[in-house]
Amino acid sequence: RLRTWDNRSQVHEPADRNFRQAFSELDRLKTKLALSDAVIEKTAYIYRKALDKGLVRGRSIPGLIAASLYAACRNTETPRTLTDVSNGINIKRKDIARCYRLLLRELDLKMPVVNPIKCVSRISSIAGLSEKTKRKAVEILDQAAKIELSAGKDPMGLAAAALYLSCVINGENKTQKDIAVSAGVTEVTIRNRYKGLKEALEL
Amino acid sequence: MPQTKPIVSVENVVASASVDQKMDLNEITRTFPDVEYHPDQFPGLVFRLKSPKTATLIFTSGKMVCTGSKSEEMARKAVKTVVQKLRKGGIKVKKDATVEIQNIVASINLGGKIHLEQAARTLPRSMYEPEQFPGLIHRMLDPKTVILLFSSGKLVCTGAKKEPDVYRSVNNLHALLEEKNLMIYD
DNA sequence: GCTTTAAAAAGTAAGTT
DNA sequence: AACTTACTTTCTAAAGC
């Protein structure tokens, strides 16, 4: 485990203690966010690249570790939000987002765009929605992607709206508020996306 | 050849200036009650003009930053007006200010929609994170500018120091988008 | 890095009515 | 539900922490 860092920890560099501390935090996050070994390995790999490019100078190590972790999740399409990472490591979401964008710029990383379909399971399990409703929501999101209705929109908002629309179609009684809270978006956003999906897909 | 002619509108011009002499910001604050000066919050004094509608930051070094102009010429005029007002208010300013344009922000309409997600995969030095911001951020190397692209076909270009660079950036990007089949016209 | 200023794009958020 | 206001991103200079 943590091979990438362990190699480095053999040599006693000045920043050694900070690294050990940051990576023990990462180990704690692995459990807290239920992450796979692959994600942690990728995090270490990305962080190592940032180190080699000298991006760590004058910047907070935990911030870059958190950003590397988020980048690893994105890269492996592991559905974890910036807010998840932020709550887990107790660093402001905005600071992690800034470090993450720095990584993308400086390391020339290309990330797959978050697929709203990946958000469906998560919202559904929190809100307690049926398999049938989930399946219909996935269909709706597939259609929406085809006509590029998703361009520029928050994947969580889109997934929440698709699930709400799916509930209405299937007669599953869930309020906008229930789904909004489960998805971490506002009811207004669900209404706006819902309107767009309904009109564009004429459902 | 591009299929549409982009509509470009300069929205903001930032200029730095200098009157090459020390300034007493407290004296300016006394003579111009409308200015904002909170040295413990920010070292610059904010001097607002109604016309041209701008905000000029004045520092004790005599250096200034003028923001809010809609053109390079308007920015130069705004700095002149500020110096003129300071003199009328009894503030001694020996030389006229030297002005340098530092940044030009423009909004653009390409007249067709953009395949944003495909553009994100195709354009180099670009970043598209809809959870954080609805636009695709693209860094152009020559001219060195940053362009925000939206699915509506509208853009924001920033970082240019000359107006022609705004047009060059837009034309470069427009040609690239058409070449890669990333535009949709009705 | 932060502080302040201006401006646009489109999406999301929050407080009022 | 509408409105209003405000914040997200990009850029840039200034002096100082």
Side-chain angles (χ1 to χ4, degrees), chain A residues 57-60 63 82 93-95 97-99 101-102 105 150-158 160 176 180 183-193 195-196, chain B residues 8-18 23 25 36-49 52-70 74-75 78-79 99-110 114 116 126-140 144-161 165-166 169:
Chain A
R57 282 191 177 183
R59 266 179 269 259
S60 100
L82 267 177
R93 201 192 99 112
K94 192 178 175 177
D95 292 336
R98 197 180 50 241
C99 286
R101 289 195 299 272
L102 176 86
R105 269 202 305 279
S150 16
K153 272 90 168 185
D154 176 9
M156 273 294 186
L158 274 170
Q176 288 182 2
V185 298
T186 64
E187 293 170 70
V188 179
T189 295
I190 291 190
R191 263 175 243 132
N192 290 338
R193 294 303 126 244
K195 195 181 300 175
Chain B
V8 180
S9 168
V10 172
E11 305 287 355
N12 184 28
V13 172
V14 179
S16 60
S18 177
M23 299 294 279
L25 302 187
E36 295 166 36
Y37 181 46
H38 307 287
D40 34 326
Q41 187 181 118
F42 187 71
L45 175 153
V46 185
F47 196 113
R48 290 170 201 280
L49 284 185
K53 188 186 168 237
T54 52
T56 299
L57 307 177
I58 305 176
F59 299 85
T60 52
S61 62
K63 290 188 175 181
M64 310 176 175
V65 173
C66 173
T67 64
S69 293
K70 296 292 187 190
M74 194 190 280
V79 172
V99 180
E100 268 187 289
I101 303 302
Q102 300 292 164
N103 184 28
I104 297 175
V105 182
S107 61
I108 299 95
N109 189 343
L110 289 183
I114 300 170
L116 257 205
S126 66
M127 180 170 50
Y128 173 52
E129 298 283 324
E131 312 92 298
Q132 298 176 52
F133 188 71
L136 163 56
I137 301 160
H138 177 255
R139 286 161 202 282
M140 187 166 287
K144 188 176 174 294
T145 54
V146 172
I147 301 178
L148 309 181
L149 298 79
F150 299 85
S151 64
S152 63
K154 292 186 177 181
L155 317 170
V156 169
C157 174
T158 186
K161 282 191 155 59
D165 284 347
V166 171
S169 299

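Within every chain, numbering begins at 1; the chains are lettered A, B, ... in the order of the sequence lines, protein sequences first and strands thereafter.
Against DNA chain D, the stretch residues 52-61 of chain B makes heavy-atom approaches under 4.0 Å through B/Leu57, B/Phe59, B/Ser61.
The P atoms of D/dC7 and C/dT4 are separated by 11 Å, rounded to the nearest whole Å. Rounded to whole Å, the separation between the C1' atoms of D/dA15 and C/dA7 comes to 24 Å. One P atom belongs to C/dG1, the other to D/dT9, and the distance between them is 13 Å to the nearest Å. Nucleotides D/dA2 and C/dA8 have their C1' atoms positioned 25 Å apart, rounded to a whole Å.
Contact between the side-chain N/O atoms of B/Arg139 and the OP1/OP2 oxygens of D/dC11 is found at a separation under 4.0 Å. OP1 or OP2 of D/dT8 has not a single side-chain nitrogen or oxygen of A/Arg98 nearer than 4.0 Å. Within the 4.0 Å cut-off from OP1 or OP2 of C/dT12, not a single side-chain nitrogen or oxygen of A/Arg191 is found. Between B/Arg48 and C/dA6 there is a side-chain polar atom (N or O) within less than 4.0 angstrom of OP1 or OP2. A close approach under 4.0 Å does occur between a side-chain nitrogen or oxygen of A/Lys94 and OP1 or OP2 of D/dT8.
Summary of the strand contacts: B/Gly62 and B/Asn103 both lie near DNA chain D, and taking for each the nucleotide with the nearest heavy atom, the more 5' one is attributed to B/Asn103.
Distance from the side chain of B/Phe42 is smallest for D/dA15 among the nucleotides C/dA9, C/dA6, D/dA15. Which of C/dA7, C/dA6, C/dT3 sits closest to the side chain of B/Pro43 comes down to C/dT3. Between C/dT5, C/dA10, D/dA13, one nucleotide has an atom nearer to the side chain of B/Glu36 than all others, and that is C/dT5. If you check C/dA8, D/dT12, C/dT5 against the side chain of B/Glu11, the one that comes closest is C/dA8. Relative to the side chain of B/Gln41, the nucleotides D/dA13, C/dT4, C/dA14 differ in distance, and C/dT4 lies closest. Residue B/Pro134 places its side chain closer to C/dA10 than to any other of C/dA10, C/dC2, D/dT9. Among the nucleotides D/dT9, C/dA6, C/dG1, the one closest to the side chain of B/Val14 is C/dA6. When distances are taken from the side chain of B/Val146 to each of D/dC11, C/dA9, C/dA6, the shortest belongs to D/dC11. Counting only heavy atoms from C-beta on, A/Arg193 has its side chain closest to C/dG11 among D/dT10, C/dA9, C/dG11. Minimum atom distance to the side chain of B/Phe133 is reached by C/dA9, of the listed D/dA15, C/dT12, C/dA9.
The backbone N or O of B/Met140 lies less than 3.5 Å from no partner atom in the side chain of B/Thr145, so there is not a single donor-acceptor pair.
Taking atom NE2 on B/His138 and atom C1' on C/dA9, their separation rounds to 17 Å, with Å as the unit.
Using a 4.0 Å heavy-atom distance criterion, A/Val185 is classed as a sugar-phosphate-only contact. A/Gly184 comes within 4.0 angstrom of sugar-phosphate atoms only, judged by non-hydrogen atoms across all strands, and of no base.
Annotation: the span from B/Lys70 atom NZ to B/Ile104 atom CD1 amounts to 13.0 Å, rounded to 0.5 Å.
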